[in-house]
Amino acid sequence: MKRFEILKKRKLNNNITWLVISAPLVARKAKPGQFIILRTDEFGERIPLTMAGHDEKAGTIDLIYAAVGRTTMLMDRMEEGDCFADIVGPLGKPTHMEGLKKVCVVGGGTGNALAYPIATGMHRHGIKVDMICGFKNKELVILEEEFRKGTDHLYMVTDDGSYGEKAFTTDKLKQLISEGHVYDEIVAVGPPIMMKLVCQLAKEHGIACVASLTAYMIDGTGMCGGCRAIIGGENKFVCVDGPEFDGTLVDWDELIRRNAYYAQQEAHDRAHVCRLTGGVRYHD
Amino acid sequence: MINFAKQKNPMPEQEANVRNHNFQEVALGYSPEAAVREAMRCLKCRKHPCMDGCPVMVRIPEFIEKVAQGEFEEAYQIIRKTSSLPAICGRVCPQETQCEGRCVQATKGEPVAIGRLERFVADWHGANYGDEEILPAKSNGHKVAVVGAGPAGLACAGDMVNKGYEVTVYESLHKTGGVLVYGIPQFRLPKEIVAAEIAQLEAKGVRFVTDALIGKAITVDELMSQEGFESVFIGTGAGLPAFMNIPGENLLEVCSANEYLTRINLMKAYLEEYDTPIMRAERIAVVGGGNVAMDAARCAKRMGAKEVSIIYRRSAEEIPARAEEIHHAVEEGIIFRYLTNPVAIKGTPEGHVTGIECVEMELGEPDASGRRRPVEKRIHGLS
Ligand SMILES: Cc1cc2nc3c(=O)[nH]c(=O)nc-3n(C[C@H](O)[C@H](O)[C@H](O)COP(=O)(O)OP(=O)(O)OC[C@H]3O[C@@H](n4cnc5c(N)ncnc54)[C@H](O)[C@@H]3O)c2cc1C
Ligand SMILES: Cc1cc2nc3c(=O)[nH]c(=O)nc-3n(C[C@H](O)[C@H](O)[C@H](O)COP(=O)(O)OP(=O)(O)OC[C@H]3O[C@@H](n4cnc5c(N)ncnc54)[C@H](O)[C@@H]3O)c2cc1C
Ligand code: SF4
Ligand code: FES
């Protein structure tokens, strides 16, 4: 097993891939909700990804990523046996679980990949977990089997009704609450706009709400301040103070703006993604 | 023979208007002739006040005497006895407040150019003996760990390995060097020089583990109880950037110097073949007056900004950056706005920066640090 070698690669849908990677130092201490920062090769960016799972004995970690830009598209071109240049972690605070009895986890789109270790981790910890998975349509559905096995109840919804129930995740959540389900906490993971709405709903019902934030990151150790977000009127660093925060305190509009900042430069970068195997970039 | 010149021998540099468009080293170093000439300015003072100003007590008059005699390798070996990183220190130490600040020559003119001589000697050694084989130090059987591969960690590793300890250095970033690689830019300290110093440590037997965040992946307790280290040196640096807590700090084009410099220096945003995205703007304001501010401003200029201003709340007298950096920044066209303090950053509703609002300051009574405290004069706009 080489350092940071891809041991297994599995496509979950057209856009989302599951990797198992050797990273014994990270696997030793990993906890649900924590993430790593990786670099594909010498020329690559450092990007954060949540650990979808880990195996301490085997010395491996699991990543589930969506190919949305240059780095993740480069990752699509790496094969089993290829190695990442760098993986550092575990970073961030683990998911808070103490004292919780029953929670509802709400995942939207790719956010379901990030919700997966949180929901199943809570379930393993003995917390009752209702899971709402929302997708645009049937083609995009991922991890259904895994969620069904790893949580107490799975509610599958799609925007267009092509799979499961036709509903938005917020509609489903509203329905569950009005039917009398009682939750100690709601966890929202997905597009910021969905998290914002879920948190509003939770607040209306006086339920605690946790959101897992994504921000641009470089070091992941509190050194650069690039990942800052306004929480309760104060600047916090998502990498060390988060990534999970009280969702009712998040300044969502600011977060959405900052996450779009490099979009233009990066759209340009996506236009020419090179091939990357055996640690070598091929410009085609 | 003593050279009675009152001024330092000048060091050749890249032309200001050429170098502010590239990332190659600004100062080009002494020729052997210039180094010998400069070394002859040293008076070999009995009490060597220069040495008292040096944190690692480099035997300054002794090494300079060797330079004057043209025995450059001997000079290098003298420096090396007390300093692990001569090529780096010669370039970035604040000599004017340390060794050169105490030099007796400074009372009547300029001090002996100790920093430039140190740099010359180290570079000369690198060019002539750089690929000499280094034998691993003989082990004394004791294992020690160093956390953080910045200058503090590297210096500690160097001293320990020379004494025979088996040293392992853990670094959380993907590259070793700390601020030397992620903060200080290529044009001031070429990364090849840092790499060469680190390669020497490796050759001596120091083991480096990158991507290892101590405290998270392994705790200090575990280093001692499970990994068998008898002692752990923690050199994790200053860490967190301080924001000013003024309105508008989270506008899109506002970032800490740490982030800006890391993207450029560690992540090489100035090179086409790297993926790192970077903020680009025509007019950039840098708040602060230390080395970090100078580096950020000079990088901004090189990244293509038309107008770069340093905003500093005290006057030119108090500015803390190395004298050479300020001098270079001025030459490169950086605008200095002294006695100016930002109170708010202005932006559009979409979050883009449009300007910075400042107050004019004047100097009042000295504060606890002995520097005169800046106090507000009146509001004016700067956009
Ligand atoms: C703590 C944390 C955990 C994460 N976990 C996962 C995960 O498990 N799986 C996964 O697929 N993604 C995850 N992300 C998001 C992931 O980091 C980004 O998708 C990735 O950086 C994109 O890099 P890229 O170069 O491929 O795309 P880019 O070209 O950099 O970006 C493509 C698009 O994605 C947006 N984007 C870029 N970076 C981020 C970001 N950090 N957050 C939100 N949007 C971003 C950009 O605005 C752009 O529109 C996580 C982010 C954080 C901060
Ligand atoms: C832009 C800039 C320019 C400067 N210019 C000058 C100058 O010209 N002259 C001068 O004298 N001084 C200068 N300084 C100051 C000088 O660089 C610092 O005083 C010096 O770097 C401190 O060294 P250090 O080894 O303590 O810390 P650092 O250089 O910060 O190194 C600490 C290292 O520890 C690593 N680390 C942190 N936490 C962990 C962890 N938990 N586990 C593992 N690794 C960890 C970090 O990634 C880093 O690599 C400058 C500083 C900056 C930022
Ligand atoms: S104080 Fe100046 S002149 Fe005297 S020994 Fe030191 S460097 Fe030479
Ligand atoms: S990523 Fe740099 S401080 Fe959070």
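In what follows, chains carry the letters A, B, and so on, assigned in the order in which the sequence lines appear, proteins first and then strands, with residues in each chain numbered from 1.
The heavy-atom pair separating B:N250 from A:E254 by the smallest distance is ND2-OE2, 2.6 Å. In plain terms, the two heavy atoms of B:S172 and A:T221 that are nearest each other are OG-CG2, 4.4 Å. Across B:A212 and A:L25, no two heavy atoms sit closer than the pair CB-CD2, 3.9 Å. Nearest approach of B:L173 to A:D219, heavy atoms of both residues: CD2-CB, 4.2 Å.
Chain A forms more heavy-atom pairs under 4.5 Å with one residue of B:M267, B:R263, B:E253 than with any other, namely B:R263. Interface remark: of the candidates B:G351, B:P241, B:A257, B:S256, B:P241 forms the most heavy-atom pairs closer than 4.5 Å to chain A. For the set B:L261, B:L252, B:N258, the count of heavy-atom pairs under 4.5 angstrom toward chain A peaks at B:L252. Comparing A:I218, A:T71, A:V26, A:V240 by heavy-atom pairs within less than 4.5 Å of chain B, the highest count is held by A:I218.
Neither the backbone nor the side chain of B:A269 comes within contact range of chain A; no heavy atoms are under 4.5 Å apart. Contact of A:R258 with chain B is made through backbone and side chain together, with heavy-atom distances under 4.5 Å. Only the side chain of A:N235 comes within less than 4.5 Å of a heavy atom in chain B; its backbone stays farther off. Contact annotation for A:A30: neither backbone nor side-chain heavy atoms come within less than 4.5 Å of a heavy atom of chain B. Contact of B:Y260 with chain A is not made at all, since no heavy-atom distance falls under 4.5 Å. For chain A, no part of B:K268 is nearby; none of its heavy atoms comes within less than 4.5 Å. Residue contact with chain A, scored on non-hydrogen atoms closer than 4.5 Å, is absent for B:E171. In this structure, chain B has no heavy atom under 4.5 Å from any part of A:E234. Proximity to chain A (any heavy atom under 4.5 Å) is restricted, for B:L251, to the backbone atoms N, CA, C and O.
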Could you walk me through whether B:D275 and A:L74 pass side chain to side chain contact (heavy atoms under 4.5 Å, CB included), step by step?
CA-CA 11 Å; B:D275 294 344; A:L74 272 172; 3.8 Å; yes
Please lay out, stage by stage, how B:Y274 and A:E42 fare under the test side-chain hydrogen bond (donor to acceptor under 3.5 Å, both in side chains).
CA-CA 8 Å; B:Y274 282 76; A:E42 170 58 25; 2.5 Å; yes
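Counting non-hydrogen atoms of neighbouring residues, nucleotides and ligands closer than 6.0 angstrom, the CZ atom of A:R28 exceeds 12 such neighbours.
In this structure, B:E259 CD and A:M217 CE are separated by 11.5 Å, a value rounded to the nearest 0.5 Å. In this structure, B:L266 CG and A:R46 CZ are separated by 7.0 Å, a value rounded to the nearest 0.5 Å. Interatomic distance, CG of A:D86 versus OG1 of B:T210, reported as 6.0 Å (0.5 Å rounding). Interatomic distance, B:T219 OG1 to A:K29 NZ, rounded to the nearest 0.5 Å: 5.0 Å.
The closest side-chain heavy-atom distance from A:R228 to B:V254 is below 4.5 Å.
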